[in-house]
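Convention: sequence-line order gives letters A, B, ...; per-chain numbering from 1.
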There are 2 protein chains.
Amino acid sequence: MPSRIIVSRELADLLRLLAHPDRLRLIEELRLGERDVSTIAAALDLPATRISQHLAPLRAHRIVEDRREGRNHFYRLTHPGIAAWLVEALEFVEVRNRLGEGAHIEKVRALWTADAPENQG
Amino acid sequence: MPSRIIVSRELADLLRLLAHPDRLRLIEELRLGERDVSTIAAALDLPATRISQHLAPLRAHRIVEDRREGRNHFYRLTHPGIAAWLVEALEFVEVRNRLGEGAHIEKVRALWTADAPENQG
DNA sequence: CCCATATCTGCATGCATATGCAGATGTGTA
DNA sequence: TACACATCTGCATATGCATGCAGATATGGG
């Protein structure tokens with residue numbers, strides 16, 4: 001099998017893994033720094049079980065790494081740059097959607113780049 | 001509904017749209033320049049009907065644009081930069097996969113950046 | 001040991017997507 | 001008009017993922 005096809009599969013796996021609103025918000029939350037499951041759950045207003053379910057595949061694909069401290073599991077982005085990379089994708093979001101929201105995309109994008117990240121290396 | 005959630009939805013839609021090996025190869029093919037459906041089908045060794053099916057959602061989300069010339073429909077990337085952006089994602093592909101292929105990721109990545117693109121601007 | 005907390009894993013249902021194929025649409029040519 | 005070519009659209013089946021919930025595991029305190 002040609003390498004080109006292998007690459008496209010791995011890339012597709014990665015994209016599929018990221019292609020969920022909750023997981024994107026989760027990654028955005030981790031951009032602000034290390035967080036435990038309950039804290040993420042509270043920030044995203046979702047049950048902790050759901051967060052754990054989302055974290056499992058992200059952990060398997062090394063998108064996030066975890067560290068245990070007592071009963072809590074702290075998660076962080078393996079590649080902090082992935083958050084910035086995701087924001088760049090807004091460039092390619094359909095124009096109709098941008099205008100439909102009644103707000104400039106730059107404003108919306110600011111929501112993802114604000115909040116003083118701790119680990120933005 | 002908070003804008004942050006809206007953004008995560010749109011972004012997830014985009015990622016889901018791209019998260020298919022054939023569509024990624026299709027985009028990579030278009031990076032080389034404008035192509036008609038049959039030419040893409042031949043390059044990817046897939047039936048033209050399948051290519052058309054993949055192009056439909058890409059067209060709907062303005063990832064690609066089309067131009068008709070006689071019986072042929074020529075497609076091109078709306079944002080040529082999306083191809084380079086996708087290549088950057090290889091940075092985040094699980095390390096185990098990289099080593100498992102027995103080849104340096106840089107070599108594989110070269111497959112996606114070679115071939116003298118016409119519209120890489 | 002018993003219990004509460006924090007998180008993980010497994011399972012069932014429902015929904016979305018991929019695929020293959022048939023048929024429709026549009027275009028060029030005789 | 002008839003026909004071939006290029007592409008699109010619609011439909012049926014199968015597969016995969018999301019969700020919600022129950023139960024399992026691990027840790028800390030009494």
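- The two residues A/R76 and A/E34 come nearest to each other via the heavy atoms NH1-OE2, 4.0 Å.
- Contact annotation: A/R16 does not reach the phosphate of D/dG16 (side-chain N/O to OP1 or OP2, under 4.0 Å).
- Under 4.0 angstrom from either OP1 or OP2 of D/dG16 there lies no side-chain N or O belonging to A/H20.
- Each of A/G70 and A/P47 lies near DNA chain D, and the nucleotide nearest A/P47 is the one positioned closer to the 5' end.
- Annotation: side chain to side chain donor-acceptor pair (under 3.5 Å) contacts of B/Q53 (sequence neighbours excluded): none.
- D/dT7 atom P lies 16 Å from atom NE2 of B/H54, rounded to whole Å.
- In this structure, the CG atom of B/D13 is 17 Å from the P atom of D/dC17, given to the nearest Å.
- Straight-line distance from the CZ atom of B/R68 to the C1' atom of D/dT7: 8 Å, rounded to whole Å.
- Distance, B/L46 CG to D/dC8 P: 15 Å, rounded to whole Å.
- With rounding to the nearest 0.5 Å, the separation of CZ in B/R4 from CG in A/L44 is 9.5 Å.
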Under 4.0 Å protein heavy-atom contacts per nucleotide of nucleotides 4-15 of chain C, with B for base, S for backbone only and - for none: BBSSBBB-----
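- Listed by chain and number, the residues in a side chain to side chain contact (heavy atoms under 4.5 Å, CB included) with B/A48 are B/V37, B/A41 (sequence neighbours excluded).
- Going from atom CD of A/E69 over to atom C1' of D/dG28 covers 13 Å, rounded to whole Å.
- Heavy-atom minimum distance, B/W85 versus A/A89: CZ2-CB, 3.2 Å.
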